[in-house]
Amino acid sequence: MSPDSLPPLPENRIVLGVGGAGVDFLAAVASYPNPDDKIRTTSLMVQGGGNAGNALTCAARLGLSSRLISKVANDTQGRGILEELQADGVDTSSVVVSEEGNSPFTYIIVDNEMKTRTCIHTPGYPPMIPSDLSQTSLSSALDGARMLYLDGRIHETAVLVAQEAARKNVPILVEGERIREGLDDLLKLADYAICSAKFPQAWTEAASIPSALVSILVRLPKIKFVIVTLGEDGCLMLERSVDEAPQSEEMDVDILLELLKQRKDDNIAIPTCVSSPVTKLRANGVGTVCGRLFVGTAEKVPPSELQDTTGAGDSFIGAVLYAICSNMPPEKMLPFAAQVAATCCRALGARTGLPHCTDARLASFLS
């Protein structure tokens, strides 16, 4: 792609992230070992990781100006974490470096047979606390920011940054990967939420994922939309509507999902999206919310091309950050994010396969 044909960048493209950045030790194996087995790797890679680090790297490659607030130690791993982020254009000037302790790292076993990955994480020490971040650093990090992304870690510092962002009217996207200490405080400040498959029902105790999405919008009145990623089954998104539904009749959200699924074309390999009109949606025992339900599909990646799902969710979030900054409509945003995630899965590690904005597979979304 020539410089003249590069995709246009969002006018305000600064995104700040708060959360984890570490090192991933990835060992690919022919099949997952049994207890007490001794096996050999089919390939090995050492690479930067961490939800926030991965998502911001993705956003930077797509064309955003990424900034990170996190903490590492002044050890070999910590220096490598910063150098790798900087090489991808991520601003690490707000990352706190401890002279003692250890940087975060994760052992990841990638099972080539079942296409799964198992993570064994060691947190960094000492952990980040609010006093690590000076008011000057906080103000500088948020200066000119279009979006704030919180991965749910280092929650005390994240709440501090989120409160300041809310005062400055900077929109906030919160990741709900799993129930964590302090996550509720972050969700109360969120404008957008992206969740893993298990999180919505775990957090709301709703009977189904669609009912859980309604519950999230009922319980968090500031949220504009919530997305749940479902791996090879794509994603669901519930977007709140500021306008009332044209018809007064309520519709059960689980029934609506089944109707939308019938409109999907499973013969199409590339990511697609179907959506409902603005509807008053009911979830039994939860309540009602006025909005639109979206069903996004994942790319059907051929088994021979599927290498590793590590970081797929992080890349999806990085793409959504780009889409929000670009004012992309949901009908385009969900397939775009799914395409970015599928591209990520074609290589070992969370960052190896992350596409740049010049990637031909993204041309139809970024033209």
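Just so you know, these numbers come straight off a predicted model, no measurement behind them.
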Nearest 0.5 Å please: distance from the [atom1] atom of [X] over to the [atom2] atom of [Y].
| X | Y | atom1 | atom2 | answer |
| --- | --- | --- | --- | --- |
| Leu321 | Leu148 | CG | CG | 9.5 Å |
| Lys332 | Cys273 | NZ | SG | 13.0 Å |
| Cys195 | Gln201 | SG | CD | 11.5 Å |
| Asn112 | Leu348 | CG | CG | 8.5 Å |
| Ser326 | Phe365 | OG | CZ | 13.0 Å |
| Arg61 | Leu362 | CZ | CG | 12.0 Å |

I'd like to know if the side chain of [X] reaches the main chain of [Y], judged simply by a donor and an acceptor atom lying under 3.5 Å from each other, with no hydrogens or angles considered.
| X | Y | result |
| --- | --- | --- |
| Ser139 | Gln135 | yes |
| Asp91 | Ser65 | no |
| Lys115 | Leu306 | yes |
| Thr204 | Pro200 | yes |
| Ser66 | Val15 | no |

Taking the side chain as every heavy atom from C-beta outward, state whether [X] and [Y] have any atom pair closer than 4.5 Å.
| X | Y | result |
| --- | --- | --- |
| Asp132 | Ile129 | yes |
| Ser98 | Pro126 | yes |
| Phe199 | Leu183 | yes |
| Ile194 | Tyr192 | no |
| Leu173 | Met147 | yes |
| Tyr322 | Val340 | no |
| His121 | Pro104 | yes |
| Lys188 | Asp185 | yes |

For a quick test of your reading: what N or O donor-acceptor pairs under 3.5 Å do the side chains of residues 292-302 make, sequence neighbours left out?
residue, atom, partner, partner atom, Å
Arg292, NE, Ser276, O, 3.2
Arg292, NH1, Glu331, OE2, 3.2
Arg292, NH2, Ser275, OG, 3.1
Arg292, NH2, Glu331, OE2, 2.7
Thr297, OG1, Thr272, N, 2.7
Thr297, OG1, Thr272, O, 3.4
Thr297, OG1, Thr272, OG1, 3.0
Glu299, OE1, Gln339, NE2, 2.9
Glu299, OE1, Arg346, NH1, 3.2
Glu299, OE2, Arg346, NH2, 2.9
Lys300, NZ, Asp266, O, 3.2
Lys300, NZ, Ile268, O, 3.4

Is there a path of hydrophobic side-chain contacts, each under 4.5 Å between heavy atoms, that joins [X] and [Y]?
| X | Y | answer |
| --- | --- | --- |
| Val96 | Val23 | no |
| Val289 | Leu187 | yes |
| Val170 | Ile324 | no |
| Leu230 | Val253 | yes |
| Val320 | Leu220 | no |

- prompt: Is there a side-chain contact (heavy atoms from CB on, under 4.5 Å) between Val278 and Cys290 once you walk through the steps?
  reply: CA-CA 7 Å; Val278 175; Cys290 190; 3.6 Å; yes
query: Which of these, Arg146, Arg240, Lys224, sits in a salt bridge (Lys or Arg N to Asp or Glu O under 4.0 Å) with Asp191?
result: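 Of the listed options, the one satisfying the test is Lys224.
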- request: List the steps and the verdict of side chain to side chain donor-acceptor pair (under 3.5 Å) for Asp254 and Ser208.
  value: CA-CA 8 Å; Asp254 291 294; Ser208 67; 2.6 Å; yes
Residue pair [X] / [Y]: nearest heavy atoms and the distance that separates them:
| X | Y | result |
| --- | --- | --- |
| Ala341 | Ala312 | CB-O, 3.7 Å |
| Ala347 | Asp308 | O-CB, 3.5 Å |
| Leu334 | Cys235 | CD2-SG, 4.0 Å |
| Gly53 | Ala21 | CA-CB, 4.5 Å |
| Ala141 | Ile69 | CB-CD1, 4.0 Å |
| Lys222 | Ala166 | NZ-CB, 4.3 Å |

field: Working for side-chain contact (heavy atoms from CB on, under 4.5 Å), residues Val97 and Leu82
entry: CA-CA 10 Å; Val97 180; Leu82 296 181; 3.9 Å; yes
task: Could you check Val95 against Ile81 for side-chain contact (heavy atoms from CB on, under 4.5 Å), going step by step and ending with a plain yes or no?
output: CA-CA 11 Å; Val95 175; Ile81 291 167; over 6 Å; no
message: Students often mix this up, so state it plainly: with edges at 30° and 60°, are the rings of Phe105 and Tyr107 parallel, tilted or perpendicular?
response: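 Phe105 vs Tyr107 ring planes: perpendicular.
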query: Which is it for Asn102 and Gln77 under the side-chain contact (heavy atoms from CB on, under 4.5 Å) test, yes or no, and what are the steps along the way?
result: CA-CA 8 Å; Asn102 65 274; Gln77 293 176 359; 5.9 Å; no
Note: Arg180-Glu175 ion pair, threshold 4.0 Å (strictly below):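 Salt bridge: no.
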Test applied, side chain to side chain donor-acceptor pair (under 3.5 Å); reference residue, Gln47; option that passes from Thr310, Thr352, Asn54, Asp24: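 Option passing the side chain to side chain donor-acceptor pair (under 3.5 Å) with Gln47: Thr352.
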task: State whether the number of non-hydrogen atoms from other residues, nucleotides or ligands found under 6.0 Å of Gln163 atom CD is greater than 12.
output: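 Enclosed.
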